[in-house]
Structure formats: structure tokens, C-alpha cells
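See below for the structure under consideration.
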Number of protein chains: 2
Amino acid sequence: MHASSASIPSRGFNLPAGLQAKGMLRPRPVTFHAAGAEIYGQGEQAGVLFKIEYGAVRIYRLLADGRRQVVAFHIKGETFGFDAWNVRSFYAEAIAPTGLTTVEADADGRYSPDLMALALRSMVRAQEHLLVVGRQSALEKLAVFLVDLDDRQGHDGIIDLPMTRTDIGDYLGMTIETVSRSLSKLKDMGVLRLKSTRCLEVLNGSKLRALSA
Amino acid sequence: MHASSASIPSRGFNLPAGLQAKGMLRPRPVTFHAAGAEIYGQGEQAGVLFKIEYGAVRIYRLLADGRRQVVAFHIKGETFGFDAWNVRSFYAEAIAPTGLTTVEADADGRYSPDLMALALRSMVRAQEHLLVVGRQSALEKLAVFLVDLDDRQGHDGIIDLPMTRTDIGDYLGMTIETVSRSLSKLKDMGVLRLKSTRCLEVLNGSKLRALSA
DNA sequence: CGCCCCATTGAGACGTTTCAATGGATGTGG
DNA sequence: CCACATCCATTGAAACGTCTCAATGGGGCG
């Protein structure tokens with residue numbers, strides 16, 4: 001369940017220890033992860049960042065009573081794996097067949113604006129997610145989620161859902177049934193059409209965006 | 001819903017030299033901000049970080065319908081102001097008389113491990129906040145909030161609440177009435193005692209922590 | 001002292017969760 | 001290739017918890 005290579009962090013928080021050479025110039029091996037495969041687990045040694053070549057990943061934590069909170073989804077082109085300490089705070093799992101490469105920091109142990117920007121973007125994304133999870137109705141939450149996904153997938157109105165309804169519910173803080181009911185409601189409102197359970201087409205983007213305001 | 005009353009925002013100003021806190025290498029000016037004063041606003045130029053010498057700060061965003069989501073509270077000793085772009089994504093306001101010093105990025109635009117660690121810690125804190133807001137009951141949310149505050153204030157069981165009930169509600173994703181009712185419930189359960197509306201004493205820490213599991 | 005803002009408490013409305021049953025897609029073995 | 005098992009998704013009805021609306025109480029500050 002753990003295809004990634006172990007890392008040896010040299011500092012008190014998770015950023016990759018420096019590589020000898022400038023990594024961008026060297027071909028990186030792509031590790032493959034089947035759907036459902038764990039990439040890293042809470043409590044494991046942290047240190048490596050991952051960039052998604054293809055596929056999708058969920059970041060989550062299990063609560064004491066078995067409930068699960070998904071804190072982020074990442075798709076093709078995105079980078080994940082930031083941690084504040086040298087131990088993973090969350091689980092990362094592939095939710096579809098996924099290929100990953102690793103990302104390293106600069107050799108001198110200091111961090112480029114690019115890497116910092118990626119970390120900060122993760123932070124802001126988490127904070128913005130709070131706006132959604134904390135304060136909105138089920139329908140609004142789902143609208144925000146779909147708009148966000150559409151934006152990240154190319155604004156073309158065709159939204160691929162690599163994750164299950166359960167994943168969506170655990171991400172938005174609602175039950176699978178409410179996710180399903182809300183999707184049906186959006187369908188009844190003429191906002192979207194389900195091409196299949198895992199792929200939908202936006203029919204009325206402005207109405208969808210109005211809901212996610 | 002219930003956006004809190006925004007008092008007249010006044011910018012911070014520098015204290016006389018005699019009142020400045022001693023910096024590490026050279027003395028940094030401490031700017032003072034009255035309770036309710038805006039420190040920065042969404043859309044402003046970003047880049048400067050702030051360290052809290054005394055007081056407390058709320059980080060929040062206003063939603064289109066006037067609702068407000070507080071994404072973080074910061075207290076004495078903590079650093080805030082990280083942003084993913086060169087524009088502020090959130091508002092920062094003092095919620096009590098507050099003194100701030102500034103923290104600068106390195107001159108060459110790259111980032112020290114210490115600074116990166118602070119940013120990553122902010123990120124993880126935001127993600128952990130998601131666990132609370134998304135998945136828990138009102139009583140559990142409040143318990144988590146109080147335990148966190150106690151930990152950050154010295155584990156002594158005396159919890160100072162610099163923020164209003166409205167702030168707490170906007171942070172935990174619930175109404176002011178539910179905050180109040182939950183506090184009363186914790187009181188009735190013998191978990192805590194209200195020394196005043198803004199200060200409470202934990203009587204049964206293990207029960208409080210059990211609730212926040 | 002009195003005003004104002006904040007906090008508390010109550011009762012009913014509303015939305016989400018829970019429990020339960022059905023439907024649909026996928027994959028495996030006979 | 002079909003039968004069947006399994007997992008995921010949809011839909012319904014009732015229970016529950018939070019929100020809303022409303023009134024009262026209390027503390028700080030002019």
C-alpha cells in the first residue's frame with residue numbers, strides 16, 4: 001500500500017532535504033499508484049512532496065469515532081505533501097490510477113519563492129474551504145465544489161468526478177445521501193446533467209456560479 | 001447571518017521609542033491597534049508578516065450575503081499574514097488592544113526554514129480546523145476550540161476569551177445562540193465555570209478533552 | 001444612572017442526518 | 001455469456017439538531 005520511497009528530513013518540519021543536482025534537469029521516475037492505494041499515512045515520516053502527473057489524490061484524516069474528513073483533493077498538475085513537522089499530519093490516497101513524481105527543495109536548505117508559493121496556496125485553499133464547509137447550505141457547498149473542480153479542470157463545463165459520493169461528503173461535511181439529493185436537485189433545476197455517475201455536464205454555468213457566490 | 005458589528009477601523013500607529021519592544025537584532029517598532037481596528041484588508045497589498053507582542057487578532061472573510069467566516073484567531077507570540085499572492089486574501093482585525101511587530105522575508109526573496117515552518121504550521125492549523133468545522137456537533141466544536149485555546153494560553157485551565165460569542169460562532173460555523181447554549185451545557189455538565197463572560201475556568205479537563213476527541 | 005451592546009434563554013421552523021429499501025454499474029466465476 | 005455478488009448511488013420517511021425569531025438579562029462606559 002505504500003509505493004513511495006522513504007525520505008530523510010533534515011529539519012524539524014517537512015520539506016525535502018536538498019538534492020545534489022538541480023532536479024528539473026534530470027528525468028524523474030514516475031511512481032504508479034492504483035485507485036485506493038495509500039501514498040502516505042498519518043504518523044509516517046514526512047519530507048517528500050509529490051506532483052501529480054495523472055490521476056487524483058485525496059488528503060484526509062480519520063477521527064476517533066471513525067468519521068473521516070477529507071481536507072483536500074488534488075488533481076493532475078498539482079503538488080501536495082506539505083507538512084508542518086517531520087511526521088505526516090494526514091493520509092494521502094490515490095482515488096484513481098495515479099502517477100506521481102517527487103519535488104525537492106533547493107540544496108542549501110532554503111526555499112525558493114516557487115515552493116513557498118505552493119505551500120501558501122495550499123494554506124489559502126484550506127482556509128477558503130473553511131468558508132464553504134462552515135457557513136453554507138448543502139446546495140451551496142456542492143455548487144462551490146463543482147465550480148472549483150471545473151476551474152481546475154479547464155472551465156469546459158464537463159466535470160470529471162474521480163472521487164466517490166462518500167469522498168465528496170467527507171470533503172464538504174455532509175452525508176452521502178445529502179450529496180446525492182443535492183446533485184439531483186441541481187439536475188432538477190436544470191443546472192447540470194449527469195452523463196454518468198462520475199461525469200457531469202454543466203448546462204447553466206451562471207446559475208451554478210450564482211449558487212456558489 | 002450575523003456579521004459582527006465592524007467598529008470604525010483605524011490604522012495602527014507607531015508607539016514612542018520608549019515603548020518599543022526589543023527586537024532580536026535591532027529594535028522593531030511596535031504598532032498599536034485598538035480593539036476592532038483593521039490591520040489589513042482583503043485586496044490590499046500583501047507581503048508583510050506580523051508577530052503579536054500582546055493582544056489578539058482575527059483573520060476572516062466576508063461572504064457575499066454578509067455572513068462572515070473567521071478562519072483563524074491568533075494570540076500573543078504568534079505570527080500571521082501569510083498569503084499566497086501579493087494581495088491579501090482575508091481581513092485581519094485586532095479583537096483586543098494589540099501590539100504588533102513586522103517580520104520581513106529575506107532580502108533576496110527566498111525563505112528561511114524558520115519562516116517556512118511558520119507558514120506550514122498555519123496551513124496545518126487551517127486544515128485541522130476543517131476537521132472541527134466540517135464534522136462535529138456544536139458541543140464538540142466548542143470543546144475543541146476551548147482545548148486549543150487552553151493549550152495555546154498555558155494549559156492552566158483558565159481560559160481567556162478575547163473574542164465575542166459572534167467571533168466564536170463565525171469561527172466554528174454556528175450561530176451565537178448555539179455558542180451560548182453549548183457553553184451553558186458545558187457549565188451544566190460541570191465541565192467548566194464562567195468566571196465572567198470573557199473568562200472561564202475548566203473544572204473537568206479530561207471530560208472536556210474527551211468531548212474534543 | 002441609564003444607555004447600548006453583548007449574552008442568555010425559550011419556542012417553533014427548517015434542513016440535514018439517520019434508517020431503510022431500491023436501483024444501477026462493475027467484475028467474477030460458472 | 002449470463003448469473004450473481006458487490007459496491008456505489010438514489011430515493012423516501014421520520015428523528016434529530018441547529019437556526020431563526022423573540023424576549024429578557026447583564027456588564028461596561030459615557
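Throughout, protein chains are lettered first and strands after them, A, B, ... in sequence-line order, and every chain is numbered starting at 1. This is a predicted model, so every value here is computed, not measured.
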Practice item. Validate the cation-pi geometry between A/Arg68 and A/Tyr60: distance from NZ or CZ to the six-membered ring centre under 6.0 Å, angle to the ring axis within 45°. Key: yes
Review point. For the side chain of B/Thr166, counting heavy atoms from C-beta on, which of C/dA7, D/dC8, D/dT10 is nearest?
Key: C/dA7
Review point. Any side-chain heavy-atom pair from A/Phe82 and A/Leu49 closer than 4.5 angstrom?
Key: yes
Check your understanding: If you look at every strand shown and take non-hydrogen atoms under 4.0 Å, does A/Leu172 touch a base, only sugar-phosphate, or nothing?
Key -> nothing
**Study point:** Interatomic distance where CZ belongs to A/Arg198 and C1' belongs to C/dT26 [whole Å]
**Key:** 11 Å
Practice item. Take the protein atom CG of A/Asp188 and the nucleotide atom P of D/dT10, then report the distance between them rounded to whole Å. Key: 12 Å
Point to revise | No-hydrogen, no-angle side-chain donor-acceptor test under 3.5 Å, A/Gln42 and A/Ser89 | key: no
Practice item. Round to a whole Å and report the spacing from NZ of B/Lys185 to C1' of C/dT9. Key: 14 Å
Exercise for review: Assess the side chains of A/Gln136 and B/Arg67: does a donor N or O sit below 3.5 Å from an acceptor N or O?
Suggested key: yes
Review point. With B/Ser180, which residues qualify under side-chain hydrogen bond (donor to acceptor under 3.5 Å, both in side chains), at least two apart?
Key: none
Review point. In whole angstroms, how far is the P atom of C/dA25 from the NZ atom of A/Lys195?
Key: 15 Å
Exercise for review: Just call it for A/Ser196: base, sugar-phosphate, or nothing, with non-hydrogen atoms closer than 4.0 Å on any strand.
Suggested key: nothing
Review point. In whole Å, what is the span from the CG atom of A/Asp170 to the P atom of D/dC8?
Key: 12 Å
**Study point:** For A/Ser182, all residues meeting side-chain hydrogen bond (donor to acceptor under 3.5 Å, both in side chains), sequence neighbours excluded
**Key:** none
Revision key, fill the gap. Considering only heavy side-chain atoms of A/Thr164, the closest of C/dA7, D/dC8, C/dT8 is D/dC8
Check your understanding: For the pair made of CG in A/Leu142 and P in D/dA9, what is the distance, rounded to whole Å?
Key -> 13 Å
Revision key, fill the gap. Rounded to whole Å, CG of A/Leu194 lies from P of C/dA25 at a distance of 12 Å
Exercise for review: Going 5' to 3' through nucleotides 13-19 of chain C, assign each nucleotide B (protein heavy atom under 4.0 Å from a base atom), S (under 4.0 Å only from sugar-phosphate atoms) or - (no protein heavy atom that close).
Suggested key: ---SBBB
Contact list (N/O, under 3.5 angstrom) for nucleotides 23-26 of chain D vs protein:
none

**Study point:** side chain to side chain contact (heavy atoms under 4.5 Å, CB included) partner of B/Val71, the single match among A/Gln127, A/His129, A/Glu128, A/Met123
**Key:** A/Gln127
Point to revise | Interatomic distance where CD1 belongs to A/Ile168 and P belongs to D/dC8 [whole Å] | key: 13 Å
Exercise for review: Scan residues 189-199 of chain B for pairs that pass side chain to side chain donor-acceptor pair (under 3.5 Å), counting only residues two or more places apart or in two chains.
Suggested key: B/Arg193-B/Glu201
For residues 203-213 of chain B, dump all side-chain donor-acceptor pairs below 3.5 Å to protein atoms at least two apart in sequence or in another chain.
| unit_1 | atom_1 | unit_2 | atom_2 | d |
| --- | --- | --- | --- | --- |
| B/Asn204 | OD1 | B/Ser206 | OG | 3.0 |
| B/Asn204 | OD1 | B/Lys207 | N | 3.1 |
| B/Lys207 | NZ | B/Met189 | O | 3.4 |
| B/Arg209 | NH2 | B/Asp151 | OD1 | 3.2 |
| B/Ser212 | OG | B/Arg209 | O | 2.9 |

